[in-house]
Amino acid sequence: MENLQKSGNTTRRSARSASSISQHLSQQDVIHIEQISVLHLEDTPEDSELILMTLKKEGWKIDYTRVDTEQQFLEALSQSNFDIILADYHIPGYNGIEALQVCAEHYPETPFIIVSGTLGEEIAVEMLKYGATDYLLKQNLQRLCPAIKQALLETRLKNQKLKAEEELRRSEEKYRAIFENIQDVYFQIDKTGKLIEISPSISRMNGHSTNELINCRATILFADPAVYDKLADQIESSGEVWDFEARFKTKKGPLKFVSINAHQIIGNDGEPIGIEGSIRDIDERKKSEYELIKAKEQAEESDRLKSAFLANISHEIRTPMNGILGFANLLKEPFLDQKMQQRYIRIIEDSGERMLNLINQIIDISKIESGQMKVDLTKVNINVELDKLFNFFLPMAQKKGLQLLCKKPLPNVHPVILSDQDKIQAILTNLVNNAIKYTQTGKVEFGYEIHGGTLEFFVNDTGIGIDSNKLMSVFDRFVQADTSVSKAYEGAGLGLSISKAYIEMLGGKIQVSSTLGVGSHFVFTLPDAQEIYPKMSK
């Protein structure tokens, strides 16, 4: 035996990896072998020599290992990789079935061929049942090499199949994971309009599970079914759509904006068989776009109103200033009698008060805007404050021929609250002053009513009223500077803005109702500050 190495009853050539054979495999139905690693379970040296010679006749380089006991067999398997295992059925203290069972459990990828002197048909079938690749008799060794080639070919095909199946399984797992976890929704619709596939991410978009939607018409997703028809028509005419915006229904009710990319599915015959694509949730993007548009419009409106306000302020400053300067010059006339002199002085005083009031309003609105306006809490007797207002405005009302009424349902000792006295005075002064200013005939009534322990203040007039289109904006900054009445009535239009800000600072709310040409009704509440500022009130 040339180049053989002896070790007990084990005969081995230099060990080689079984992988060496794979580089010599060619087409599907043909296999070429140059080198092969063989493990032979055989207790008869002569039979072993005969089988080795048979293998060499094929021109193969043989890495050959012979073992004749169970222990040697198991050790050889653990130490080397073999391309093929040959085994005698009858071994003293061991047999082919036991060896086959070991290989089937631990080395199922290695072909196992029974080469025995005697082998009945029943035993042969049993060996194949346990996983033997083939069997043959020692008297018929001319089948050995073809059997080995066939076994290796089948093993190669089996391994290729297993590898392909494993790659397919991994690919399916990979794409299933992507399919189930993508943020966008993947869908397929058949030519009848039914959903045949939709990814689980749909549940995050509209609250419905995949099972709830499969086999339903695709229109179930759309707030307006006609929008789906439009989508389908566009795909039919152009083959695809990009960034098609629609609104989807959701399980909880609110509608949601989505963007759809889709194209036709073409069958083997070249005809469309459905639609597939993706859906993206753009609801937050649309909300942001809406907010940006709204903010832009508000900024533009604010700029417009501020420009109008500045123009009006300029007018309101120039008017009293002209009065002061003009009548101051008239006082210099040498032949001016005392009556005219007193009249000019009153005009100068009125103009000065008007300018001072305007300056105070500008300062107040600036403090409110910058958050520097403070609340100064004191005990305020509401009846006393209303009496002051009534006495102050009565001459103004009488001068215009108006009836001025004040309603105080509680005795003077009861209506005492903890609040800011100056701000209450400013609120009521602005409201009553406006009521008298914009009322030509009729009456102005102010006061309070009691509703469930809460004081509800009101100011009513029978004046010109407020246009319903402007009713919701009368408390906004600078709005009155753009109203038509501002041209006919003096004032910067800041009084209501300041009043609303004061009322909210004191924890109250103000409302207005009005009918153009009939009059206006202002109502506001002021809670006791002890309920809002407990620490300050102590």
Side-chain angles (χ1 to χ4, degrees), residues 167-269 271-301 471-473 504 509 511:
E167 289 177 351
L168 178 61
R169 183 188 64 80
R170 291 181 179 178
S171 178
E172 288 178 346
E173 288 181 352
K174 174 183 176 182
Y175 287 104
R176 174 59 59 179
I178 294 173
F179 179 71
E180 293 181 349
N181 293 283
I182 55 174
Q183 182 176 359
D184 291 351
V185 176
Y186 171 80
F187 70 92
Q188 285 187 343
I189 301 171
D190 67 14
K191 61 182 180 181
T192 68
K194 287 184 179 180
L195 286 162
I196 57 175
E197 187 70 81
I198 191 161
S199 61
S201 48
I202 188 65
S203 63
R204 294 193 295 269
M205 183 175 291
N206 69 2
H208 288 285
S209 68
T210 299
N211 292 336
E212 290 175 322
L213 298 173
I214 291 295
N215 293 324
C216 293
R217 292 193 61 79
T219 52
I220 193 175
L221 299 172
F222 291 78
D224 183 1
V227 175
Y228 170 75
D229 295 335
K230 181 180 178 182
L231 170 70
D233 290 343
Q234 288 189 21
I235 295 175
E236 183 178 1
S237 62
S238 61
E240 62 182 8
V241 294
W242 292 93
D243 295 326
F244 182 92
E245 292 189 3
R247 300 192 77 183
F248 271 17
K249 293 183 291 186
T250 64
K251 200 169 186 178
K252 293 184 178 179
L255 301 181
K256 182 169 286 190
F257 281 100
V258 299
S259 176
I260 302 172
N261 298 330
H263 60 266
Q264 288 180 330
I265 304 174
I266 305 300
N268 294 331
D269 59 357
E271 294 297 321
I273 60 174
I275 298 171
E276 71 175 352
S278 63
I279 307 166
R280 174 162 294 184
D281 185 344
I282 59 169
D283 205 51
E284 291 301 319
R285 190 188 83 189
K286 296 297 287 187
K287 288 179 181 177
S288 297
E289 290 176 357
Y290 173 78
E291 292 299 327
L292 285 173
I293 293 172
K294 186 178 178 181
K296 177 177 177 292
E297 291 175 349
Q298 288 178 341
E300 291 173 349
E301 178 68 6
L471 193 61
M472 301 303 297
S473 60
E504 290 175 350
K509 294 181 179 180
Q511 296 177 326

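Only this structure's heavy atoms are used, side chains among them; waters, hydrogens and symmetry mates stay out.
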Using the side chain to side chain contact (heavy atoms under 4.5 Å, CB included) rule, take V185 and I198 through it: C-alpha gap first, then chi angles, then the decisive distance, then the call.
CA-CA 7 Å; V185 176; I198 191 161; 3.6 Å; yes
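- For L471, the side chain to side chain contact (heavy atoms under 4.5 Å, CB included) partners two or more places apart in sequence, or in a different chain, are I466, V512, S514.
- Residues meeting the side chain to side chain donor-acceptor pair (under 3.5 Å) test with Q188, sequence neighbours left out: Y186, E276.
- The side chain to side chain contact (heavy atoms under 4.5 Å, CB included) test applied to D243 returns S259, N261, not counting sequence neighbours.
- Note that the CD1 atom of I202 and the OG1 atom of T210 stand 8.0 Å from one another [nearest 0.5 Å].
- Residues passing the ring-ring contact (aromatic ring centres under 6.0 Å, His included) test with F257, sequence neighbours excluded: none.
- R217 is linked by a side chain to side chain donor-acceptor pair (under 3.5 Å) to nothing, counting only residues two or more places apart in sequence or in another chain.
- When the shell of 6.0 Å around CG of N268 is examined, it contains 12 or fewer heavy atoms from other residues, nucleotides or ligands.
- Legend: side-chain hydrogen bond (donor to acceptor under 3.5 Å, both in side chains) pairs involving residues 220-241, not counting sequence neighbours, sorted by first then second residue: E240-W242.
- Residues I189 and I196 fail the side-chain proximity criterion, which asks for heavy atoms closer than 4.5 Å.
- With sequence neighbours left out, P272 forms a side chain to side chain contact (heavy atoms under 4.5 Å, CB included) with Q264, I266.
- Annotation: ring-ring contact (aromatic ring centres under 6.0 Å, His included) contacts involving residues 189-219, sequence neighbours excluded, are absent.
- Formation of a donor-acceptor pair under 3.5 Å by the T250 side chain with backbone atoms of P254 is found in this model.
- The shortest heavy-atom contact between D184 and S199 is O-OG, 3.9 Å.
- Taking 4.5 Å as the limit, some side-chain heavy atom of F187 sits within range of a side-chain heavy atom of I260.
- The salt bridge (Lys or Arg N to Asp or Glu O under 4.0 Å) contacts involving residues 244-260 comprise E212-K251, E245-R285, E245-K286, K256-D281, where partners must be two or more places apart or lie in separate chains.
- Using modelled atom types and a 3.5 Å distance limit, the side chains of T192 and D190 yield a donor-acceptor pair.
- Note that NZ of K509 is 8.0 Å distant from CD of Q511, once rounded to the nearest 0.5 Å.
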Donor-acceptor list for residues 291-300 side chains, cut-off 3.5 Å, not counting sequence neighbours:
| from | atom 1 | to | atom 2 | distance (Å) |
| --- | --- | --- | --- | --- |
| K296 | NZ | E300 | OE2 | 2.6 |

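- Residue L195 holds its CG atom at 8.0 Å from CD1 of I220, rounded to the nearest 0.5 Å.
- In this structure the side chain of F248 reaches within 4.5 angstrom of the side chain of I279, judged on heavy atoms.
- Residues that satisfy the salt bridge (Lys or Arg N to Asp or Glu O under 4.0 Å) test with R170, not counting sequence neighbours, are E166.
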